[in-house]
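These figures come from a predicted structure and were not determined experimentally. Position 1 is the first residue of the sequence, and the numbers go up from there. Excluded from the calculations below are hydrogen atoms, water molecules and symmetry mates; all remaining heavy atoms, backbone and side chain alike, are included.
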Amino acid sequence: MSVLIVIPARYASTRYPGKPLVALTGASGESQTLIERSWRAAMAVNGVDRVVVATDDDRIRDAATGFGAEVVMTSESCANGTERCAEALDKLGGDYDIVVNLQGDAPLTPHWFIEDLIVGLRGAPDKGLATPVLRCDGATLNSLLADRKAGRVGGTTAVFGSDHNALYFSKEVVPFTSETYGSDQETPVFHHVGVYAYRPDALSAYPGWPVGPLETLEGLEQLRFLENGRKILCVEVEARGREFWELNNPEDVPRIEAMMKKMGHK
């Protein structure tokens, strides 16, 4: 099955303008932009036929072509990354079996997260969309709770049933637990990894579906699937000793740089 990875990136982020071009310094002391690190994460995935950056901004296009990425220019009217992926797929001719949306704020996404995600969607022919979830340890859960206490919108959490079909996604920490957990202790909370794998028909249909109140309130694009009666497969992935965090706020830059240095991530 042919696989396309699209990295949607826009400059005019509400919470963090210019985020794709923010520089991150790794363990080697080398500085690379967020969009380059996300592209390199995509290029490390096995079994992928093509990787493109989808943007509406000339600055991002120039930076991406400068480090060797293929770029697809999309319109400014795209409301989110999924809509941008749908437009990119249309411009590329749509001749792919699976389209992966690797959002351009996840430079720490290990290749096996995406490989496991693709395997999961391949094995679920009745699903149009799959997304990875990672069980939080106590340290990650405490970081999520600290962000919310400080009024920052940080990572997203996922709740799913015994069949691994998504029940809900939220920028709040769900489900609620009154327990306290040690840093390395498993918790019942799952961190949603901001990657999606779509079947092309579901991706192409997405921009035409109505935007519901939950997507509007949470600002989470995947809720449009749930609000329109579509199932989302949650694929549990393993950290294998790697730390994971997304760049949502300026405060995340030193956190991610510290993680890269700790893991020896160049």
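Few gaps surround NZ on Lys91; more than 12 heavy atoms of other groups in view lie less than 6.0 Å from it. Heavy-atom contacts from other residues, nucleotides or ligands closer than 6.0 Å to CG of Asp163 number more than 12.
Minimum interatomic distance between Pro107 and Leu34 (heavy atoms only, all atoms of both residues): CD-CD1, 3.5 Å. Taking both residues in full, the closest heavy atoms of Val48 and Val45 are given as CG2-CG1, 3.6 Å, listed atom of the first, atom of the second, then distance. Closest approach of Ala197 to Ile98, counting heavy atoms only: CB-CG2, 4.1 Å. Of all the heavy atoms in Pro250 and Pro254, the pair that sits closest is O-CD, 3.7 Å. Contact record, Ala158 with Val133: CB-CG1, 3.7 Å, taken as the closest heavy-atom pair. The shortest heavy-atom contact between Ala166 and Phe160 is CA-CB, 3.9 Å.
With contacts defined as side-chain heavy-atom distances shorter than 4.5 Å, the pair Thr177/Thr187 does not qualify. Put simply, the side chain of Trp245 reaches to within 4.5 Å of the side chain of His191, judged on heavy atoms. A 4.5 Å side-chain heavy-atom check between Phe169 and Leu226 finds at least one atom pair inside the cut-off. Residues Glu246 and Gln103 form no side-chain contact, since every pair of their non-hydrogen atoms from C-beta on lies 4.5 Å or further apart. Taking the side chain as every heavy atom from C-beta outward, Leu134 and Phe113 approach each other to under 4.5 Å. In this structure, the side chains of Thr33 and Phe67 come closer than 4.5 Å at one or more pairs of heavy atoms. Residues Asn248 and Val153 fail the side-chain proximity criterion, which asks for heavy atoms closer than 4.5 Å. The closest side-chain heavy-atom distance from Tyr16 to Val253 is below 4.5 Å.
The aromatic rings of Tyr198 and Phe225 sit parallel, their planes meeting at an angle under 30°, below the 60° perpendicular limit.
With Thr55 contributing its side chain and Ala9 its backbone, the two residues share a donor-acceptor pair below 3.5 Å. For Gln185 (side chain) and Tyr181 (main-chain N/O), no donor-acceptor pair under 3.5 Å exists by modelled atom type. Arg199 contributes a side-chain N or O that, together with a main-chain N or O of Leu121, makes up a donor-acceptor pair within less than 3.5 Å. Side-chain N or O atoms of Trp112 include one that pairs as donor or acceptor with a backbone N or O of Glu238 at under 3.5 Å. Although no hydrogens or angles enter the test, the distance criterion places a donor-acceptor pair under 3.5 Å between the side chain of Glu221 and the main chain of Thr82. Not a single donor-acceptor pair under 3.5 Å links the side chain of Glu70 to the backbone N or O of Val52. The main-chain N or O of Val3 is found under 3.5 Å from a side-chain atom of Asp49 such that the two form a donor-acceptor pair. A distance-only check finds no donor-acceptor pair linking the side chain of Lys266 to the backbone of Gly26 [under 3.5 Å]. The closest donor-acceptor contact from the side chain of Arg122 to the backbone of Leu117 lies at 3.5 Å or more, if one exists at all. In terms of modelled atom types and a separation under 3.5 Å, the side chain of Glu218 and the main chain of Lys171 share a donor-acceptor contact.
Arg148 meets the side chain to side chain donor-acceptor pair (under 3.5 Å) test with Glu172; sequence neighbours excluded.
Ser204 and Asp201 share no side-chain donor-acceptor pair at under 3.5 Å. Neither side chain, Thr131 nor Gln222, offers a donor N or O lying under 3.5 Å from an acceptor on the other. In this structure, a donor-acceptor pair under 3.5 Å is absent between the side chains of Thr74 and Glu87. Looking at Ser2 and Asp97, their side chains do bring a donor and an acceptor atom within 3.5 Å of each other.
The hydrophobic clustering, which links ILVMFWY residues whose side-chain heavy atoms are closer than 4.5 Å, places Met43 and Val53 together. Under the 4.5 Å side-chain contact rule for hydrophobic residues, Leu102 and Tyr196 do not share a cluster. Put simply, Leu129 and Leu233 are part of two different groups of oily side chains (I, L, V, M, F, W, Y) that touch within less than 4.5 Å, one to the next. Hydrophobic clustering (ILVMFWY, side-chain heavy atoms < 4.5 Å, transitive): Val235 and Ile5 are in one cluster. Note: the hydrophobic cluster containing Val71 does not contain Val99 (ILVMFWY, side chain heavy atoms under 4.5 Å, direct or indirect links).
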Passes side-chain contact (heavy atoms from CB on, under 4.5 Å), Phe190 versus Glu236? Steps please. CA-CA 9 Å; Phe190 282 85; Glu236 186 174 352; 3.6 Å; yes
Between Val72 and Val6, does a side-chain contact (heavy atoms from CB on, under 4.5 Å) hold up when you go through it step by step? CA-CA 9 Å; Val72 177; Val6 180; over 6 Å; no
Give the intermediate values and the outcome of side-chain contact (heavy atoms from CB on, under 4.5 Å) for residues Gln32 and Leu24. CA-CA 5 Å; Gln32 295 176 354; Leu24 293 169; over 6 Å; no
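Separation of atoms CD1 (Ile35) and OH (Tyr11) is listed at 13.5 Å; rounding is to 0.5 Å. A distance of 5.0 Å separates CG of Leu108 from CE of Met263, quoted to the nearest 0.5 Å. Between atom CG of residue Asp147 and atom CG of residue Asn142 there is a gap of 11.5 Å, rounded to the nearest 0.5 Å. Rounded to the nearest 0.5 angstrom, Asn249 CG and Arg255 CZ are separated by 9.0 Å. Separating the CG atom in Leu214 from the CG atom in Leu223 is a distance of 6.0 Å, to the nearest 0.5 Å. Taking SG from Cys136 and NE2 from His192, the interatomic distance works out to 12.0 Å, rounded to the nearest 0.5 Å.
Hydrophobic clustering, defined by side-chain heavy atoms of Ile, Leu, Val, Met, Phe, Trp and Tyr closer than 4.5 Å, groups Val159 together with Leu167, Val174.
Ion pairing between a basic and an acidic side chain is recognised when a charged N comes within 4.0 Å of a carboxylate O; Asp58 and Arg61 show such pairing. Between Arg40 and Glu36 there is a salt bridge, since at least one side-chain N of the basic residue sits less than 4.0 Å from a carboxylate O of the acidic one.
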